[in-house]
Amino acid sequence: MILSMKGLLKSWEYGRGIVLKFIVQLSDEDLDKELPRKNYNTIRLQVEELARIQSYYVNAMSTGKMSFGGNPVQDKSKQGIISIMAELDEQLEKALNALDGNETINWHGEQMDIHEHVSAMIGHEQMHIGQIIAFCYAAGIHIPDDITNIMSLDG
C-alpha cells in the first residue's frame with residue numbers, strides 16, 4: 001500500500017474504532033433511543049447508514065464511479081452491524097492496497113481524486129461521530145469512558 005493510503009487507512013481506523021466502541025458499549029435501549037433528527041434518528045440507524053455509505057465508497061474504488069443504492073446491513077443486531085463493518089473494512093483495505101494514488105472517481109460527472117474520495121468517506125464517518133456524541137449529551141446517554149478519554153470529552 002502506498003504511504004498516503006496507509007495514512008488515510010490509519011485515520012479511518014481511528015474513527016471506525018470509536019463507532020465500534022459505541023455499538024459494543026451502548027445498550028440496545030440507548031442505540032434505539034429516538035434523537036432530535038428527522039432521519040437516522042437513532043444511533044443504530046446512524047451506524048447502519050455509516051456501513052451503507054462505506055459500501056458505496058468502497059465499491060466506487062473498483063468501478064471508478066460513485067453510485068448510491070442498496071443496503072448491506074441485513075442483520076441489524078449489534079453483532080450483525082459489527083460483522084458487516086468488519087467485512088467492509090477488509091474490503092476497504094484490499095481496495096486501498098490495489099491503488100497507485102492516481103485514480104479518480106466519477107462523482108455524478110465530476111472527477112474526484114482518490115485521496116479526496118477516501119477523505120470524504122472519513123469526513124462522513126467523523127461527522128456522524130460528532131452527531132452521535134451530541135445526541136448522547138442531549139438524550140442523556142452515557143458516553144463510554146474510553147471514548148471520552150480518547151477524544152478528551154466531558155463525561
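Just so you know, these numbers come straight off a predicted model, no measurement behind them.
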Pairwise side-chain contact, Met151 with Ile129, heavy-atom cut-off 4.5 Å (strictly under): yes

Beyond-backbone contact of Ile2 with Leu99, side-chain heavy atoms, under 4.5 angstrom: no

Drop me the distance from [X]'s [atom1] to [Y]'s [atom2], to the nearest 0.5 angstrom.
| X | Y | atom1 | atom2 | result |
| --- | --- | --- | --- | --- |
| Thr104 | Glu110 | OG1 | CD | 11.5 Å |
| Tyr137 | Leu153 | OH | CG | 4.5 Å |
| Phe22 | Ile141 | CZ | CD1 | 9.0 Å |
| Asn102 | Ile114 | CG | CD1 | 10.5 Å |
| Ser11 | Met121 | OG | CE | 9.5 Å |
| Glu103 | Ser62 | CD | OG | 11.5 Å |

Can you name the nearest heavy-atom pair linking [X] to [Y], along with the distance?
| X | Y | answer |
| --- | --- | --- |
| Ala51 | Val73 | CB-CG2, 3.7 Å |
| Ile143 | Cys136 | CG1-CB, 3.6 Å |
| Pro144 | Lys21 | CG-O, 4.5 Å |
| Val47 | Met85 | O-CE, 3.3 Å |

Stepwise side-chain contact (heavy atoms from CB on, under 4.5 Å) check, His117 with Met66: CA-CA 9 Å; His117 177 77; Met66 189 64 173; 3.8 Å; yes

Taking atom types as modelled, find out whether [X] and [Y] have a side-chain donor-acceptor pair closer than 3.5 angstrom.
| X | Y | result |
| --- | --- | --- |
| Gln54 | Asp89 | yes |
| Gln25 | Asp146 | yes |
| Ser83 | Gln79 | yes |

CA sep, side-chain torsions, deciding dist, call: Glu49, Leu45, side-chain contact (heavy atoms from CB on, under 4.5 Å): CA-CA 6 Å; Glu49 198 248 352; Leu45 288 172; over 6 Å; no

Criterion side-chain hydrogen bond (donor to acceptor under 3.5 Å, both in side chains) against His128, the qualifying member of His124, Glu125, Gln126: His124

NZ/Lys94: more than 12 non-hydrogen atoms of other groups inside 6.0 Å: no

When you measure from the side chain of [X] to the backbone of [Y], do you find a donor-acceptor pair of N or O atoms at a distance under 3.5 Å?
| X | Y | answer |
| --- | --- | --- |
| Asp28 | Asp30 | no |
| Lys78 | Leu26 | yes |
| Asn97 | Glu93 | yes |

Residues Val19, Gln46; criterion side-chain contact (heavy atoms from CB on, under 4.5 Å); working and verdict: CA-CA 10 Å; Val19 170; Gln46 288 212 13; over 6 Å; no

Glu13 and Arg16 ion-paired at < 4.0 Å: no

Candidate pair Ile150 and Tyr14, rule side-chain contact (heavy atoms from CB on, under 4.5 Å), full reasoning: CA-CA 10 Å; Ile150 196 170; Tyr14 170 78; 3.8 Å; yes

Path from Met112 to Val58 over hydrophobic side-chain contacts below 4.5 Å: yes

Check: Tyr57 ring centre within less than 6.0 Å of Trp107 ring centre: yes

